[in-house]
2 protein chains.
Amino acid sequence: MGKPQEERRKEIVQATMDLTAEEGIKRVTTQAIADRVGIAQPTVFRHFKTRDAIFAAVIGWIAENLFKAISSGFNPNEPSDEQLRKLIKRQLTFINKHRAIPKVLFSDFLHLESPKLKASLQEVMNRYIKRVTQILQQGKENGEFRNDLDTEKTAIYIAALIQGLVLRWSVYEFNFSLEDEADSIWQFLLPVLKSINSQNQIN
Amino acid sequence: MGKPQEERRKEIVQATMDLTAEEGIKRVTTQAIADRVGIAQPTVFRHFKTRDAIFAAVIGWIAENLFKAISSGFNPNEPSDEQLRKLIKRQLTFINKHRAIPKVLFSDFLHLESPKLKASLQEVMNRYIKRVTQILQQGKENGEFRNDLDTEKTAIYIAALIQGLVLRWSVYEFNFSLEDEADSIWQFLLPVLKSINSQNQIN
DNA sequence: TAAGTAAGTGATTACTTACTCACTTTCGAA
DNA sequence: TTCGAAAGTGAGTAAGTAATCACTTACTTA
């Protein structure tokens, strides 16, 4: 007999991610997955009911490991700005290692194909925003950040900035290191978080 | 006989955009397009050699009209910050009206399927960045913006922020008005562009 | 008004691909 | 050692879909 359920499932998920990174979702057929794992195509369906279920597992994997990555080495006693800087750095480092992420994120597949997947993506985003908002809030209370900071809006824009950069990374064939952008992003964000003069509005 | 070439092509492009907005790219079959236009499926191929060619035309339409939108009412004598503010506002207003844009932008279709389309997307992005960089440069020389502003990086991040927000808009089923975000984005960006104290770096 | 041409079509093809099924192999526990 | 169940498979099905083709219709113009 072959390998036990759990092991095979992981292999299939991993193979799917690898193929997605290389080829883009559309070309990841169940046949291709089977070939990569080294099993027959129908065997894939012993472990996942449908093709969509495989991608649901992929998204699950990404979500789980993304949060693991951005939470690793979290120290609540550190200054908020350091917490946030590290979070961004870790997130970019993680995504930089997994090109499947933008391919999955930017796929028409997710963008209507299956409402369940969409819902779970929304959940991941919500959770991320909440996390960043917390840090911002804490920093605001600390006095580290501007006291007129709109924490949630800011969190949303930080997330958007990163996601947009990931899109760019993908569109430009991964021709720059995401990880290396962390510092410049941080420089970009500093005035948003810390500037003292509450701003020459509109004018 | 039917309608003349040009008119039909426009109808097909329009129908494709409408369907894409409603259904996502994958479900936009040549049959669906034909039905929407009110012609037979093979007739579509009288006007476009392949299905990809239709989407190429869609991207062309988007690019053309996006630049028309962001350039409309451009006045070189206006202050740079006003120019940039209006550009962002107009861009968001335009995208807000065309839900097909995120569906096309965030499609695995583009993300490997056809290198030509990818190249043309890169070109649109380059052109956009160049435009924003110019405005930032001008504002920097004017003394309106920080004199230590990295204009190109900033332009890239502004573009990323907007694209990321468009992704969010799409993932959340268009449940907020993009256009209404323009002002808060501008508030978010102001400290980046104008802050005087050249920043409490890293610390 | 006749001819040439562009637009339009029904029928079909060629192909891809998720998924099923009946059957076999292998493992682990009793 | 036996036996039940889980993992595995070859062969096939069903459904969808881009693209082709031979043919028709109708508009334009000489």
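Chain naming here is simple, since letters A, B, ... match the order of the sequence lines and numbering starts at 1 in each.
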Gap between atoms CG and P, on B/D35 and D/dA18 respectively (whole Å): 12 Å
Is there a side-chain polar atom (N or O) of B/R27 under 4.0 Å from OP1 or OP2 of D/dG16? no
Looking at A/F55, does the NZ or CZ of A/R51 lie under 6.0 angstrom from its six-membered ring centre and within 45 degrees of the ring axis? no
Just the rounded figure in Å: distance from P of C/dA18 to NE2 of A/H47. 17 Å
How many whole angstroms separate atom CD1 of A/I25 from atom P of C/dA18? 12 Å
Can you tell me if B/Q83 uses its side chain to pair, donor with acceptor, with the backbone of B/I135 under 3.5 Å? no
What is the distance, to the nearest angstrom, from the CZ atom on B/F45 to the P atom on C/dA6? 20 Å
Do any N or O atoms of the protein come closer than 3.5 Å to N or O atoms of nucleotides 9-11 of chain D, and which pairs are they?
from	atom 1	to	atom 2	distance (Å)
D/dT9	OP2	A/A40	N	2.6
D/dT9	OP2	A/T43	OG1	2.8
D/dT9	O4	A/R46	NH2	3.4

Angle between ring planes, A/F188 versus B/Y157, binned at 30° and 60°: parallel, tilted or perpendicular? perpendicular
Which whole-number value in Å describes the distance from B/E11 CD to C/dG8 C1'? 13 Å
Would you say B/Q5 places a side-chain N or O within less than 4.0 Å of OP1 or OP2 belonging to C/dA6? no
Length of the line joining B/Q31:CD and C/dT13:P, which is rounded to integer Å: 18 Å
By the salt bridge (Lys or Arg N to Asp or Glu O under 4.0 Å) test, which pairs, at least two apart or in different chains, include something from residues 121-132 of chain B? none
Residues A/E141 and A/Q137: side-chain donor-acceptor under 3.5 angstrom: yes
Considering just the side-chain nitrogens and oxygens of B/T30, establish if one lies under 4.0 Å of OP1 or OP2 belonging to D/dA18. yes
Can you tell me how far C1' of C/dC19 sits from CD1 of A/I33, to the nearest Å? 13 Å
Could you check whether the rings of B/F174 and B/W169 sit parallel, tilted or perpendicular, using 30° and 60° as the cut-offs? perpendicular
Tell me which nucleotide, if any, is Watson-Crick or G-U wobble paired with D/dC21 when both distances must be under 3.5 Å. C/dG10
I'd like to know whether A/Q41 forms a side-chain hydrogen bond (donor to acceptor under 3.5 Å, both in side chains) with A/T30, so could you lay out the CA-CA distance, the side-chain angles of the two residues, the decisive distance to 0.1 Å, and finally the verdict. CA-CA 6 Å; A/Q41 185 254 1; A/T30 56; 3.0 Å; yes
To the nearest Å, give me how far apart CD1 (A/I54) and C1' (C/dA18) are. 10 Å
